[in-house]
Amino acid sequence: MATPGTGTTQLRVARLTKAHGLKGAIKLELYTDEPDMRFTPGSTFTLQVPRTSEWHGKKLELVELRWYNSHPVAFFKGVDDRSAAETLLKAILWIDEEVRTTPGEDDSWYDYQLVGMKVVRDGAEVGTVRRVDHFPAQDLLIVATPSGEVMVPFVTAIVPSIDPVAGVVTVTPPTGLFEEIVEVEPAQVDLTGVDLSDPELATIAGTDSGDGDADQDAIATDAPSSEDDSTDATPAEDPRS
């Protein structure tokens, strides 16, 4: 959304998802952690709708926000029945917000504060924050790099510091997040010109085990057999007189 004025920006706070009941109520998908502050009676919202919509260029004024089974349901001025509510489905609600240069409580940041910041790793710039994607488990910084977009988990372990004055987001990502991990292949032996069918290669390969067998054969050859010992030990008979 365009910035409405100097020193202000616009924040996306909700999307209208489904008509609820017959009196114009509409269920919301919230994009804010502060619904009680954003959705007070009398609050006005800029609508993001197609140009062909009858609501294009108009604003909505909140009458009341209620909760049904943990789901937020809003009532707006001029939306008095289900038919009118259904013409607003999928519309996105935006509010005006003063630009902040410092984080809020518990070190929280608005998307517009982060978008455009340089992303630095080990002192070198690796990209620029393009947008912030929000998910139930965690938020992701979408970083534009020369090789494409990289999704960086927005957690302290990986994004330890943000300098709003310098416009720098420092990251300590795991290996492979910003570059492909190159696998080192084992060295290959050049066997060009080698005849693998040569029987001498098999002889060389079996040298270690063959030497032991040869030694045993040599020992067996040198040692006299028990049969020979018995023959030599028998005394010669005296000739008959």
Side-chain angles (χ1 to χ4, degrees), residues 1-21 23-117 129-143 151-155 159 162 164 169:
M1 298 292 286
T3 301
T6 303
T8 62
T9 186
Q10 287 195 309
L11 302 179
R12 183 183 63 168
V13 292
R15 184 171 70 95
L16 307 181
T17 61
K18 185 178 181 181
H20 180 82
K23 298 183 178 181
I26 308 176
K27 288 185 176 181
L28 304 180
E29 178 185 357
L30 295 176
Y31 300 141
T32 175
D33 296 328
E34 304 169 317
D36 294 337
M37 183 179 74
R38 304 298 187 190
F39 291 88
T40 57
S43 298
T44 58
F45 305 91
T46 300
L47 286 169
Q48 180 182 340
V49 293
R51 292 183 179 274
T52 56
S53 170
E54 62 185 273
W55 294 97
H56 185 263
K58 297 181 180 180
K59 291 190 176 185
L60 281 182
E61 181 179 335
L62 182 70
V63 175
E64 184 182 7
L65 180 69
R66 299 179 184 177
W67 295 83
Y68 292 95
N69 297 324
S70 301
H71 294 289
V73 176
F75 294 81
F76 297 100
K77 185 177 181 179
V79 184
D80 301 320
D81 56 37
R82 188 178 184 90
S83 296
E86 288 178 343
T87 64
L88 280 164
L89 300 187
K90 297 184 180 180
I92 296 177
L93 305 183
W94 296 76
I95 63 170
D96 295 343
E97 176 79 7
E98 291 186 3
V99 173
R100 299 181 183 181
T101 57
T102 58
E105 296 180 1
D106 61 25
D107 202 30
S108 60
W109 298 85
Y110 289 112
D111 294 5
Y112 71 85
Q113 294 176 291
L114 300 170
V115 173
M117 282 192 175
V129 178
R130 175 169 291 177
R131 67 179 186 277
V132 183
D133 287 349
H134 301 276
F135 296 97
Q138 65 185 16
D139 297 336
L140 295 175
L141 296 181
I142 307 304
V143 179
M151 296 183 292
V152 179
F154 195 15
V155 294
V159 186
I162 298 174
V169 175

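Source: prediction; values computed, not measured.
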At what distance, to the nearest 0.5 angstrom, does [atom1] of [X] lie from [atom2] of [Y]?
| X | Y | atom1 | atom2 | result |
| --- | --- | --- | --- | --- |
| Ile162 | Leu114 | CD1 | CG | 5.0 Å |
| Glu29 | Leu16 | CD | CG | 10.5 Å |
| Thr17 | Leu89 | OG1 | CG | 7.5 Å |
| Asp133 | Asp111 | CG | CG | 9.0 Å |
| Phe76 | Lys59 | CZ | NZ | 14.0 Å |
| Leu88 | Leu93 | CG | CG | 8.5 Å |

Name each donor-acceptor pair under 3.5 Å that joins a side chain in residues 77-84 to protein atoms two or more places apart or in another chain, with its distance.
from, atom 1, to, atom 2, distance (Å)
Asp81, OD1, Ser83, N, 3.2
Asp81, OD1, Ala84, N, 2.8
Arg82, NE, Glu86, OE2, 3.4
Arg82, NH1, Gly21, O, 2.9

Nearest heavy-atom neighbours spanning [X] and [Y]:
| X | Y | answer |
| --- | --- | --- |
| Ala19 | Ala85 | CB-CB, 4.1 Å |
| Ala74 | Leu28 | CB-CD1, 3.9 Å |
| Trp94 | Arg12 | CE3-N, 3.3 Å |
| Arg15 | Ile92 | CG-CG1, 4.1 Å |
| Val49 | Ala91 | CG1-CB, 3.4 Å |

**Study point:** Side chains of Pro72 and Leu30 in contact at under 4.5 Å (non-hydrogen atoms)
**Key:**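 Yes. Closest side-chain heavy atoms under 4.5 Å.
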Review point. Can Ile95 and Arg38 be said to form a side chain to side chain contact (heavy atoms under 4.5 Å, CB included), step by step?
Key: CA-CA 8 Å; Ile95 63 170; Arg38 304 298 187 190; 3.5 Å; yes
Point to revise | Sole residue of Trp67, Tyr31, Phe45 in ring pair (Phe, Tyr, Trp, His ring centres under 6.0 Å) with Phe39 | key: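 Result for ring pair (Phe, Tyr, Trp, His ring centres under 6.0 Å) with Phe39: Phe45.
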Review point. Would Leu140 and Ile142 satisfy side chain to side chain contact (heavy atoms under 4.5 Å, CB included), going step by step from the backbone distance to the final call?
Key: CA-CA 6 Å; Leu140 295 175; Ile142 307 304; 4.3 Å; yes
